[in-house]
Every structure is written in structure tokens, then in C-alpha cells.
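Please read all numbers here as calculations on a predicted model, not as lab measurements.
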Amino acid sequence: MNLFINCCFRDGSRTLKLAQNFMKKAGKSYEEIALGKGATPVLDYDNLNVYGEAIGKNDFSGELFKYGRMFAEAEEIVIAAPYWNNSIPAVLHAFLEIVTSQGVTFYITPQGEYKSLCKAKKLTFITTAGGFIPEDNYSFGYINSLAKDFWKIDQVDFIKAEGLDIDGAYVEQILASVKL
């Protein structure tokens, strides 16, 4: 199973268009998790207690871990999210906190080493920005860190289209010029 994490909930999303072009070119089917269109669990007080109990019992069958189990089973992962405020939308951050669950997508050895429980060997992060994304951008940096440090995904690709809201920008040409 390939997984598409869709954080493009704005009508006419340019990021979604870019992601759809990428997946079409890949010629694969993807199971979609649509964020921002319903409740995404967060690690609040109640869920943190559920999380702690699950770790103690080594039982991650509960609803809180549904997305983490899907993430761990995916062979390839595509994440599409707009570049907002020098980062990712809050709903994606909350989703990634739930997905990055010890015992579901990674575990820690007695020596303190992180080991992956994910099958994926490739993750692609797709974003668009009205302005320009700085070299030290926090969106891809965060995704890349999780992928490499926790999930041990070797191939992490970054696809972006930027400058879309600059006066005189030819949005369709910019989107079409992105290497997928």
C-alpha cells in the first residue's frame, strides 16, 4: 500500500494539483488520509495518558494509533502540504506527532538507538509557497528529520513550487516546470 497524506484543504489548492501530477506520473495508487477535513487526534492530556498506557501494555490496536499503523505499513509515502508561516500547517504537525509513536513506527533499543518499524523506503514531501522558501526551511527540515531519524526512510525527496503569489507570476507555468 502507498499512502498519500493530503493536507491541502483549501479549494483550488496548488499544492494538491502538484501532488496529483506527481502521483499520476508515478503511475501508482495511493490510499489517502485527508487532513483538515475532520478530527485529527492530538497528543492532548487524555490521549497522552492513552499513549502511555498503550506503551506499558505494548498494545497499539486502539483508534489513536490507526494512522500510525497505516504509516508503518505503507511502502511509499507522499505528504502534500502548503508552506505556511515558514513551516507546515498545524494539523499536519499534530498528525505527525500521533504517527511518530514509539512502538508503532519506531522503537528505542536499551542502548537508546532509534529503530524503525516502517516499511517505506521512500517519502516525498510536496509543497507550494506564495513567496520563496528559505534554504533553512522548517517544513522539509522537520519531515526529513522524522523520516531519517525515527522512520529510517532512506530516500526523502522534496518537491516545491514557489513564488506563486509574486506580482506577474505565471502560476501554471511554474507548476508545469517543477521536476516530478
Side-chain angles (χ1 to χ4, degrees), residues 1-43 67-68 70-71 74-100 105-106 116 118-180:
M1 175 226 0
N2 299 306
L3 190 60
F4 172 46
I5 298 152
N6 179 0
C7 193
C8 308
F9 39 90
R10 194 182 270 176
D11 289 336
S13 169
R14 301 173 298 199
T15 307
L16 180 57
K17 183 175 185 176
L18 194 59
Q20 288 169 332
N21 290 342
F22 172 82
M23 290 183 292
K24 182 178 181 182
K25 184 176 179 185
K28 301 175 184 175
S29 63
Y30 293 83
E31 186 166 339
E32 180 178 350
I33 297 173
L35 303 179
K37 296 180 180 177
T40 300
V42 295
L43 280 180
Y67 293 133
M70 290 174 70
F71 199 93
E75 295 180 21
E76 182 179 326
I77 300 161
V78 174
I79 300 173
Y83 187 78
W84 285 353
N85 303 321
N86 207 30
S87 191
I88 56 176
V91 69
L92 178 57
H93 194 280
F95 172 83
L96 292 171
E97 280 186 337
I98 291 291
V99 163
T100 309
T105 56
F106 77 98
S116 177
C118 295
K119 292 181 180 178
K121 299 294 180 226
K122 180 181 179 186
L123 184 146
T124 303
F125 179 63
I126 300 170
T127 194
T128 60
F132 295 98
I133 300 170
E135 188 174 316
D136 64 341
N137 88 80
Y138 299 107
S139 62
F140 179 66
Y142 179 60
I143 303 285
N144 190 44
S145 176
L146 290 173
K148 301 252 176 166
D149 297 338
F150 286 89
W151 308 319
K152 307 298 183 191
I153 298 174
D154 296 327
Q155 184 179 346
V156 184
D157 296 329
F158 181 41
I159 297 174
K160 65 180 178 177
E162 54 187 341
L164 300 177
D165 293 336
I166 304 300
D167 280 344
Y170 294 101
V171 174
E172 293 306 317
Q173 287 178 339
I174 294 169
L175 292 174
S177 71
V178 174
K179 287 190 154 203
L180 302 174

Next item on the list: Starting from the C-alpha separation in whole Å, work towards a yes-or-no answer on side-chain contact (heavy atoms from CB on, under 4.5 Å) for Thr105 and Phe150.
Entry: CA-CA 8 Å; Thr105 56; Phe150 286 89; 5.9 Å; no

Notebook entry, point to check: Thinking salt bridges, do Lys179 and Asp157 make one under a 4.0 Å N-O criterion?
Noted result: no

Next item on the list: Please check if the side chain of Asp165 supplies one atom and the backbone of Gly131 the other of a donor-acceptor pair under 3.5 Å.
Entry: no

Check: Is the closest side-chain heavy-atom distance between Leu3 and Ile33 below 4.5 Å?
Finding: yes

Note to self: Please give me the minimum heavy-atom distance between Thr127 and Thr15, naming the atom from each residue.
What the structure shows: CA-CG2, 3.9 Å

Note to self: Set out, in order, the CA-CA distance, both residues' side-chain angles and the distance that settles side-chain contact (heavy atoms from CB on, under 4.5 Å) for Leu18 and Leu180, then state yes or no.
What the structure shows: CA-CA 9 Å; Leu18 194 59; Leu180 302 174; 4.0 Å; yes

Note to self: Is it the case that the side chain of Ser145 and the backbone of Tyr142 share a donor-acceptor pair, with hydrogens and angles ignored and the cut-off at 3.5 Å?
What the structure shows: no

Notebook entry, point to check: Any side-chain heavy-atom pair from Thr40 and Ile98 closer than 4.5 angstrom?
Noted result: no

Margin query: Can you confirm whether Thr100 sits close enough to Trp151 that some side-chain heavy atom of one is under 4.5 Å from a side-chain heavy atom of the other?
Written below: yes

Next item on the list: Mark yes or no for whether Asn85, through its side chain, and Ser87, through its backbone, hold a donor-acceptor pair below 3.5 Å.
Entry: no

Note to self: Can you confirm whether Lys119 sits close enough to Met1 that some side-chain heavy atom of one is under 4.5 Å from a side-chain heavy atom of the other?
What the structure shows: no

Note to self: Within the 4.5 Å heavy-atom criterion, are Glu76 and Tyr30 side-chain neighbours or not?
What the structure shows: yes

Checklist line | Any side-chain heavy-atom pair of Tyr83 and Glu162 under 4.5 Å | finding: no

Checklist line | Plane angle bin for Tyr67 and Phe95 - parallel if under 30°, tilted between 30 and 60°, otherwise perpendicular | finding: tilted

Margin query: Counting only heavy atoms not in Asp136 (residues, nucleotides, ligands), do more than 12 fall under 6.0 Å from its CG?
Written below: yes

